[in-house]
Each structure stands twice: as C-alpha cells, then as structure tokens.
Amino acid sequence: MAATTEEQIERVRELVASIPSGSVATYGDIASAAGLSSPRTVGWIMRTDAADLPWHRVLGASGRPAPHLAHRQLAKLELEGVPIRDGRVDLAVARHRF
DNA sequence: TTTGTGACCTGGA
DNA sequence: ATCCAGGCCACAA
C-alpha cells in the first residue's frame, strides 16, 4: 500500500463509528485494523475529518488521550459507562475487539 | 523543496 | 511510575 488513500480514511471512519458505546479503541489498533502505515495517520484523520465521528472513544495506547482533550474524553466516556480509574481508562475492559 | 509540527508507538534510562 | 529518543506518516508554511 502506498500513500494513504480515501479507502483507508473511509475504513478508519467505519471502524471508529463501529465502536459500541461503552467501549474504546487505541490509535494503534485502528491503524492496524484499517491497514494504515502508521498510527500517526489515524491521529491526523481524527483532527481533520472526524468531527462527526465518536472520536472521544479513541485513546492512545497508554489509556490516556491528549492533554487538551483528556478532560472532555473522560467525561463523555464515563457517561457512556467506560470504566475509568484515576483519570485513566481501563483498556483491559473497555478496549473494543474488531 | 526543506523544515517543523502533531489527537502516536515502542523501548530504554 | 515518568521522561527521553528514534521511527513513523501526512500536512502547512
């Protein structure tokens, strides 16, 4: 696969949209499942063309999103029933398996 | 074109 | 546990 194509972006959008409420996924998992070359590309998509997607269900591998979003993410996730421990998401339980 | 930046990941100190 | 360095890909100036 060469550079990122519309198909890849579409795939990522589908994956993010397919995450059920109460579950979360990591950038690395999405990148791997979508066939992207690097997890960084997923972050790029989120920033540019994922405003209408449940991006708040996407976290980093550390179970903690970016600093500026963390506040919002955790609040929404907690409302959806995602297990949060000490400001960190319990990936072992909330992680969605594709 | 080159450079800097970013909603990342892994591994080592 | 946290911090740093290298690798990764795409974009804006």
Side-chain angles (χ1 to χ4, degrees):
Chain A
M1 303 110 60
T4 311
T5 67
E6 295 293 332
E7 293 182 44
Q8 307 290 37
I9 298 176
E10 197 68 20
R11 193 92 42 98
V12 172
R13 293 173 58 100
E14 284 292 314
L15 288 166
V16 175
S18 69
I19 301 173
S21 183
S23 298
V24 295
T26 69
Y27 290 95
D29 286 353
I30 294 174
S32 183
L36 283 176
S37 342
S38 168
R40 241 178 150 101
T41 310
V42 178
W44 158 64
I45 296 173
M46 290 311 183
R47 186 177 34 132
T48 59
D49 197 33
D52 55 307
L53 290 173
W55 51 271
H56 52 267
R57 292 182 191 153
V58 183
L59 326 172
S62 307
R64 195 153 108 126
H68 37 270
L69 302 177
H71 186 41
R72 242 160 120 188
Q73 304 303 100
L74 297 175
K76 291 186 173 188
L77 292 172
E78 186 167 27
L79 281 172
E80 297 195 345
V82 175
I84 298 177
R85 288 194 310 197
D86 197 38
R88 222 166 308 155
V89 178
D90 191 345
L91 290 174
V93 180
R95 189 154 124 141
H96 174 62
R97 286 151 246 216
F98 294 105

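The basis for the numbers below is simple: all heavy atoms, side chains too, and nothing from hydrogens, waters or symmetry mates. A, B, ... follow the sequence lines: proteins, then strands. Residue 1 opens every chain.
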Separation of C/dA10 atom C1' from A/Tyr27 atom OH, nearest Å, is 15 Å
Nearest-nucleotide pick for A/Pro39, side chain only, options being B/dA7, B/dC8, C/dA10: B/dC8
Could you tell me if the side chain of A/Ser18 sits less than 4.5 Å from the side chain of A/Phe98, heavy atoms only? yes
Atom pair distance, as rounded to whole Å: CZ in A/Arg40 and C1' in C/dG6: 11 Å
Given the rule that I, L, V, M, F, W and Y join up when any side-chain heavy atoms are under 4.5 Å apart, are A/Val16 and A/Leu36 in one cluster? yes
Close side-chain approach of A/Arg57 to A/Ser21, heavy-atom, < 4.5 Å: yes
Could you measure the distance from the CD1 atom of A/Ile30 to the CZ atom of A/Arg13? Nearest 0.5 Å is fine. 13.0 Å
May I ask you to list the residues of residues 43-66 of chain A, by number, that have any heavy atom positioned under 4.0 Å from an atom of DNA chain B? A/Met46, A/Arg47, A/Trp55, A/Gly60, A/Ala61, A/Ala66
In whole angstroms, how far is the P atom of B/dG6 from the CG atom of A/Leu36? 21 Å
What is the distance from CD1 of A/Ile30 to P of C/dC8, rounded to the nearest Å? 22 Å
Tell me the closest heavy-atom pair linking A/Val89 and A/Ala94, and the distance in Å. CG1-CB, 4.2 Å
With heavy-atom distances below 4.5 Å as the criterion, would you say the side chains of A/Val24 and A/Ile19 are in contact? no
